Participant: 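This structure is in C-alpha cells; I'll ask about it shortly.
Atoms within each ligand, like the ligands themselves, are counted from 1 in listed order. When a residue number appears, it is its place in the shown sequence, counting from 1. Note that the coordinates shown come from a computational prediction; the quantities given were computed from them, not determined experimentally.
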Amino acid sequence: MEREACTFSYCEKPAIVEKEVDLLIIGGGMGACGAVYEAVKWAKPHGLSILLVDKAALERSGAVAQGLSAINTYIGRDNKPEDYVRMVRTDLMGIIREDLVFDLGRHVDDSVHLFEKWGLPIWKAIGTDKNLKLEEGGVPRRTGRWQVAISGESYKCIVAEAAKSAMASYDKAEYLERVFIVKLLLDSKEENRVAAAAGFSVRENKVYFIKAKAIIIACGGAVHIYRPRSVLEGMGRAWYPVWNAGSTYAMPFQVGAEATMMENRFVPARFKDGYGPVGTWFLLFKATATNARGEDYCAKTEYIEKYAPYNKNLGTCIRNHMMIEDFKRGLGPMYMNTDKALAELAKTIDAKHAKELESEAWEDFLDMTVGQVGVWLGNNIEPDKMPSEIMPAEPYLLGSHAGCCGLWVCGPEDLQNDATRKAGYVWEYKGKIYNRMTTVNGLFTCGDGVGASGHKFSSGSHAEGRIAGKQAVRFILNNRDYTPSVDKTADELAAEIYAPMELFEKYKTVSTTPYTVNPQYITPKQFLFRLNKIMDEYVAGTIGWYSTSETLLTKALYYMELLEEDSYRMAAWDLHQLMRAWENYHRFLTARMHLRHILFRQETRYPGYYYREDFNFIDDANWRCFVNSKMDPKTGEIKEFKREYVQLIPD
Ligand code: FAD
C-alpha cells in the first residue's frame with residue numbers, strides 16, 4: 001500500500017525553509033553537544049558553516065534531561081583503556097568492536113575534565129577515607145571502578161550551555177530547537193553519499209529542507225518499541241527517555257547504512273515502576289538484592305552453567321537471567337535492601353557522616369529519577385525502613401549504555417591490523433579513512449548511534465561526539481568541491497511529511513469521533529499500541545519473560561507487514577500528533593531491524609535480555625561474530641549477514 005498523496009487540498013500548507021550548510025548535526029543530546037563543541041573549533045579557521053537541529057530544547061533534551069548522579073565512564077589514573085575494553089567485552093558477552101571501545105577509552109576522560117571546567121560538581125575524595133568523604137580537592141570519587149559521583153541535576157544544562165557558547169562564538173554556527181528530522185536524503189549524482197535531511201517544526205507550521213556536505217546523526221536510542229510495564233497514564237514513565245524513538249537507527253538504515261548487533265537490547269533491572277537507579281546502591285552503598293525468601297539470586301550458579309564460558313563473570317544480562325529464573329520459580333518479588341544497606345553503613349561511620357551519606361542516597365533519586373519518590377509515596381514505602389521491589393523492565397534499544405545495537409562505523413586508522421581490515425572495520429573514501437563514519441559516505445554518528453561499542457554512557461557519548469565532529473569537518477575539508485544535489489523538491493518533501501495531517505483533515509468527518517475511531521485512518525497512539533503488542537507478545541517482551549522462537553518471530557514478521565501498510569494511514573490533527581506519527585514510523589523501522597536480527601542469530605547470546613527458546617545456548621563456534629544488516633535504498637530489500645569479530649586486546 002502506498003501513502004495517499006498530499007496535495008494540501010485539506011490541510012494548510014506549511015512554510016518551507018530551505019538551508020544549505022557544510023555540517024548538519026541532528027540531535028542535541030550528549031553526543032551532539034560534544035560534536036558541535038569540537039566541530040566549531042575545527043570549522044572556524046576554514047569558515048565552514050554548522051547547523052545543529054534538535055527536536056527538543058538543548059538545555060533538557062535527551063537521556064540526561066533529568067540529570068544524573070554519576071558519570072559512568074571515567075578511566076582515571078587507576079585504569080587503562082585496555083582494562084576498559086576487557087570490561088565492555090565481558091559485559092557484552094564477547095562481541096564488541098575493540099578498536100572503537102579502545103578509542104573511546106583513550107579519549108573519554110578529556111570530556112569529563114571539560115564538564116568539571118564548565119561547572120559540573122564532581123565529588124572528590126581525599127585521604128584514606130576516600131569512599132565516604134565529600135570534600136574539595138583530591139581525585140574524583142569513585143562509586144564503582146568506572147564511575148565517578150556528581151551533583152548532576154543540571155548536568156545536561158551545563159553541557160548544553162558549553163555547546164551553545166561554542167556556537168555563539170562563531171557566526172557561522174547556529175542551532176534550531178523543536179525541529180524533528182523525519183528523513184535523510186541521498187545525493188542524486190553521487191552513489192551512496194548523504195546530501196540532505198528534511199523535517200518539520202513541532203511548534204510552527206514549517207517544513208525544513210537542509211542540504212549539507214556532511215551529517216552527524218545522534219538522536220539517541222529507541223524507547224516504546226516494547227509495551228512498557230507501566231501502561232495507560234503511566235506510559236510516559238519509562239527508563240530511557242520516551243522522546244528517543246529510534247530515529248538514529250531508522251533514518252540511516254533507510255538510506256542504506258549498515259546496522260550492527262540490532263538484536264542486542266538492554267533490559268534494565270531497576271526499582272519497580274519508578275525506574276530508580278540501582279547502580280549507586282549496589283556499588284557505593286553495598287546494598288544486596290534478594291528474592292522474597294531473602295536469598296541472593298546471584299549466588300545460584302546452577303542457573304548459568306549452560307551459558308559457559310560466560311558464566312564466570314556476572315555480566316548485566318546474566319544477572320538479569322538469574323533474577324528472572326527466580327521469578328519464574330515463584331520466588332518474587334525481588335528486593336533491593338535499601339534499609340539494611342543504610343543500617344550497615346551507619347555502623348561503620350559516625351552519625352554526621354551517616355546522615356550525609358543518607359542524604360546522598362536520596363539525592364541519587366532526586367538527581368535523575370524524581371518519579372521514584374512518587375511511587376514510594378503512593379505505596380507507603382519508606383526506603384530507609386523497608387526494602388523496595390526491583391524488577392527487569394521492558395527492553396530498550398541503545399548503543400551507549402549496557403547495550404550495543406547501532407550502526408556499523410569506520411574505526412580509527414591507527415588501531416587496525418590485517419584481520420580487522422579484512423573484517424571491514426575500516427575502509428577508504430577517496431583514499432582516506434574517516435573514524436565514526438557510517439557506511440554511507442558523509443554520514444557520521446556517535447553515542448547511541450555507534451553499534452558494537454556499549455558502555456560509553458554520558459561521558460563517552462560526548463567524547464565520541466567530539467571524535468565524530470572533528471572527523472566530519474575533516475571529511476568536508478577533504479571534499480570541498482562537493483555540492484549536495486537532491487532529486488526531490490522541497491514541495492514534494494513537505495507533502496510527504498504533512499501527509500498524516502492531510503489524511504486527518506480529509507477524512508475526519510467520516511466518523512463522529514475523529515480522534516479515536518475512523519475507518520480511513522489510525523491514530524499514532526493506536527499504531528503504537530499495535531507495534532507494542534506485536535513486539536511484546538512475539539519478539540521477547542516482558543509478557544513471556546523475554547522468550548521467543550523462530551515460529552513466533554516469523555508470525556511477528558507477518559504482522560509487521562500489515563502494520564507497515566497501516567503506517568501510511570497514520571493521521572495527525574496537530575503538530576504534536578504529526579511528531580508522534582513520525583516517531584512511530586521510526587520506531588517501526590527500528591523494531592523490524594531488531595526482530596529480523598533476533599531471527600537471524602540462532603543462539604541465545606544475551607540470556608536475561610532475550611531468549612531464543614529454540615536455540616537456548618551460546619554457540620561461540622558459529623555466532624561469536626557480528627550480525628549486520630542493510631537495506632537497499634532503491635528496492636527496500638533487507639539482508640542480514642555476519643561480520644567477523646576480531647580480538648585486539650588479550651584476555
Ligand atoms: P541523547 O543524549 O539521548 O540525545 C538524543 C538527542 O536526539 C536529544 O537531544 C533528542 O531531543 C534528539 N532527537 C531525537 N530524535 C530526533 C529527531 N528525529 N530529530 C531531531 N532530534 C532528535 N550515563 C552516565 O554516564 N551515568 C549515568 O548514571 C547514566 N544513567 C542513565 C540513566 C538513564 C535513565 C538513562 C536513560 C541514561 C543514563 N546514562 C547514564 C546514559 C547517557 O544518558 C547516554 O549514554 C547518553 O545520553 C547518550 O547520548 P546520545 O547523544 O546518544 O543520546
Participant: Quick one: list whatever passes side chain to side chain donor-acceptor pair (under 3.5 Å) with H586, sequence neighbours left out.
Facilitator: S247

Participant: Scan W239, Y396, F457 and name whichever one has a ring-ring contact (aromatic ring centres under 6.0 Å, His included) with F266.
Facilitator: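 With F266 as partner, W239, Y396, F457 yield a single ring-ring contact (aromatic ring centres under 6.0 Å, His included), made by W239.
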
Participant: What residues, two or more places apart in sequence or in another chain, satisfy side chain to side chain donor-acceptor pair (under 3.5 Å) together with H455?
Facilitator: D91

Participant: Can you name the residues that form a side chain to side chain donor-acceptor pair (under 3.5 Å) with K164, not counting sequence neighbours?
Facilitator: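 With neighbours one apart ignored, the set is empty.
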
Participant: Between the protein and ligand 1, which nitrogen or oxygen pairs come in under 3.5 Å, and how far apart is each?
Facilitator:
residue  : atom   : partner : partner atom : Å
ligand 1 : 2 (O)  : M30     : N            : 3.1
ligand 1 : 3 (O)  : A63     : N            : 2.8
ligand 1 : 3 (O)  : N244    : ND2          : 2.8
ligand 1 : 7 (O)  : A218    : O            : 3.4
ligand 1 : 9 (O)  : G28     : N            : 3.0
ligand 1 : 9 (O)  : G29     : N            : 3.1
ligand 1 : 9 (O)  : D54     : OD1          : 3.1
ligand 1 : 9 (O)  : D54     : OD2          : 3.1
ligand 1 : 9 (O)  : S61     : OG           : 2.9
ligand 1 : 11 (O) : D54     : OD1          : 2.6
ligand 1 : 18 (N) : I181    : O            : 3.2
ligand 1 : 18 (N) : S247    : OG           : 3.1
ligand 1 : 19 (N) : I181    : N            : 3.1
ligand 1 : 21 (N) : K55     : N            : 3.1
ligand 1 : 23 (N) : S458    : N            : 3.2
ligand 1 : 25 (O) : N72     : N            : 2.9
ligand 1 : 25 (O) : S458    : N            : 3.1
ligand 1 : 25 (O) : S458    : OG           : 2.6
ligand 1 : 26 (N) : A70     : O            : 2.7
ligand 1 : 26 (N) : N72     : OD1          : 3.4
ligand 1 : 26 (N) : N72     : ND2          : 3.3
ligand 1 : 28 (O) : A70     : O            : 3.3
ligand 1 : 45 (O) : S400    : OG           : 2.6
ligand 1 : 45 (O) : F457    : O            : 3.3
ligand 1 : 51 (O) : M30     : N            : 3.3
ligand 1 : 51 (O) : G31     : N            : 2.7
ligand 1 : 52 (O) : D448    : N            : 2.9

Participant: Less than 4.0 angstrom from a charged side-chain N to a carboxylate O is my criterion; do D83 and R86 meet it?
Facilitator: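 So D83 pairs with R86 through a salt bridge.
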
Participant: Cation over ring, R142 on W123, under 6.0 Å and within 45°?
Facilitator: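 Negative - R142 is either too far from the ring of W123 or too far off its axis.
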
